[in-house]
Amino acid sequence: MTTNDANIVTANEGRRALRTQLLNARQQIMADDKAALDASLCELLMRYVQNLSPQPQCIALYWPIRGEPDLMPWANQWLELGNEVLLPMVVEKHAPLKFGMYTLDTDLKTGAYGIPEPDLRQLSTQIPDVVVIPCVGFNGANDRLGYGGGYYDRTLAGWRDLGASVHSVGVAYGMAQVDFERGEFDVPLDVILSV
């Protein structure tokens, strides 16, 4: 579903329609196909992070919603290897995300947008080595189209302002690759993994 240059979407025009189109397409993926794609993405992500140098120990992930790739089996495997997983928390609207520790025993609560997240008592001040971010859409320049709230862009920009080198990994299904222009506040990701 890649568009041609004549249909490039700008930050101010058409992003909402493109987002709706991509979300609808993602919701149409059959359950068996989605499970196979998710398993492939888990394998791809594991190979990718194990080849990073230095080897990451703490990875921020996400809880899957709205048909996003489900990487929680990967998270559990990563934990079993003795590593750490953080999940995002919306503590304040229009602000960078906070992150809470996630373990195999973590009780999650419903957060600001109905997304399961750790309790505020599990808030972590640790900056992850790697952050894995779901993409509604993405382009060939590693730009991510998200839900439009700007939470990940603010978070990435904040880490960079602090001098933290957090490796950003987008994940998506291959059908989400489209052409659009980078918005003024968009922060490109280091890599986008797709299947």
Side-chain angles (χ1 to χ4, degrees), residues 1-3 7 9 11 14-49 59-79 85-90 93 97 99-100 102 104 106 108-118 128 130-156 168-180 182-183 186-195:
M1 184 180 17
T2 301
T3 60
N7 295 325
V9 177
R15 278 200 173 196
R16 182 171 291 148
L18 178 59
R19 187 178 290 116
T20 299
Q21 175 188 356
L22 291 170
L23 287 170
N24 287 340
R26 191 166 75 187
Q27 294 290 348
Q28 298 303 314
I29 300 173
M30 301 299 290
D32 289 346
D33 294 336
K34 184 179 183 324
L37 290 169
D38 291 351
S40 294
L41 266 176
C42 285
E43 290 174 18
L44 184 60
L45 179 61
M46 185 62 80
R47 281 195 309 272
Y48 184 80
V49 297
I59 294 185
L61 202 55
Y62 62 90
W63 191 270
I65 60 166
R66 299 178 74 181
E68 291 171 342
D70 182 357
L71 303 180
M72 294 315 292
W74 178 90
N76 296 338
Q77 185 180 6
W78 187 249
L79 288 168
V85 172
L86 302 176
L87 289 181
M89 305 164 68
V90 177
K93 289 191 175 187
L97 294 165
F99 290 83
Y102 173 77
L104 297 175
T106 298
L108 301 175
K109 66 174 189 65
T110 301
Y113 293 96
I115 302 170
E117 60 184 39
V130 173
V131 59
V132 179
I133 305 172
C135 304
V136 173
F138 67 98
N139 65 21
N142 289 342
D143 295 315
R144 169 187 175 267
L145 181 68
Y147 295 106
Y151 286 99
Y152 278 107
D153 291 315
R154 287 186 198 94
T155 303
L156 292 171
S168 56
V169 178
V171 291
Y173 302 125
M175 48 72 62
Q177 184 168 6
V178 292
D179 291 331
F180 59 91
R182 181 175 300 157
D186 291 350
V187 177
L189 305 181
D190 292 313
V191 68
I192 295 177
L193 304 178
S194 66
V195 292

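Just so you know, these numbers use all the heavy atoms, side chains as well, and skip hydrogens, waters and symmetry mates.
No side-chain donor-acceptor contact under 3.5 Å links K34 to the backbone of Q27. The backbone N or O of P69 lies less than 3.5 Å from no partner atom in the side chain of D38, so there is not a single donor-acceptor pair. No donor-acceptor pair under 3.5 Å is formed between the side chain of R66 and the backbone N or O of L23. Proximity of a side-chain donor or acceptor of N142 to a complementary backbone N or O of D190 within less than 3.5 Å is detected. For R144 (side chain) and V136 (main-chain N/O), no donor-acceptor pair under 3.5 Å exists by modelled atom type. Side-chain atoms of R154 do not come within 3.5 Å of backbone N or O of L97 as any donor-acceptor pair. A donor-acceptor pair under 3.5 Å is absent between the side-chain atoms of E43 and the main chain of S40, judged by distance alone.
Summarising the geometry of D70 relative to P64, their closest heavy-atom pair is OD1-CG, 3.6 Å, with the distance given to 0.1 Å. Shortest non-hydrogen contact noted between P188 and A141 is CB-O, 4.1 Å. In plain terms, the two heavy atoms of W74 and C42 that are nearest each other are CD1-O, 3.3 Å. The minimum heavy-atom distance linking M175 with R26 is given by the pair CE-N, 3.9 Å. In terms of heavy atoms, L61 sits closest to A75 at CD2-CB, 3.4 Å.
Atom CG of D32 sits in a sparse spot, with 12 or fewer heavy atoms from other residues, nucleotides or ligands closer than 6.0 Å.
Going from atom CG of L87 over to atom CD1 of I59 covers 12.5 Å, rounded to the nearest 0.5 Å. The distance from atom CG of L44 to atom CG of L193, rounded to the nearest 0.5 Å, is 4.5 Å. Taking CG of D143 as the reference point, atom SG of C135 lies at 10.0 Å (rounded to 0.5 Å). The distance from atom OG1 of T155 to atom CZ of F99, rounded to the nearest 0.5 Å, is 5.5 Å. Here the CD-CG distance, from E117 to L108, works out to 8.5 Å after rounding to the nearest 0.5 Å. Rounding to the nearest 0.5 Å gives a distance of 12.5 Å between CE of M30 and CG of L37.
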ask   = How far apart are the C-alpha atoms of V130 and Y48, what are their side-chain angles, what is the distance that settles it, and do they pass the side-chain contact (heavy atoms from CB on, under 4.5 Å) test?
value = CA-CA 11 Å; V130 173; Y48 184 80; over 6 Å; no

inquiry  = Working note: Y173 + D33, criterion side-chain contact (heavy atoms from CB on, under 4.5 Å); need CA distance, chi angles, decisive distance, verdict.
reply    = CA-CA 11 Å; Y173 302 125; D33 294 336; over 6 Å; no

request  = Kindly indicate, with the supporting measurements, whether the criterion side-chain contact (heavy atoms from CB on, under 4.5 Å) is fulfilled by Y102 and N76.
outcome  = CA-CA 10 Å; Y102 173 77; N76 296 338; 3.6 Å; yes

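Residues Y113 and Y151 have side chains that bring a donor and an acceptor to within less than 3.5 angstrom of each other. When only modelled atom types and interatomic distance are considered, D186 and Y152 share no side-chain donor-acceptor pair under 3.5 Å.
Using a 4.5 Å cut-off on side-chain heavy atoms (C-beta onward), L156 and I133 make contact. Put simply, the side chain of L45 does not reach to within 4.5 Å of the side chain of W78, judged on heavy atoms. Here the side chains of V132 and Y62 are in contact, with some heavy-atom distance below 4.5 Å. In this structure, Y147 and I65 have side chains that are in contact, with non-hydrogen atoms separated by less than 4.5 Å. Side chains of F180 and R19 form no contact here, defined as non-hydrogen atoms less than 4.5 Å apart. No side-chain heavy atom of I115 sits less than 4.5 Å from a side-chain heavy atom of P88.
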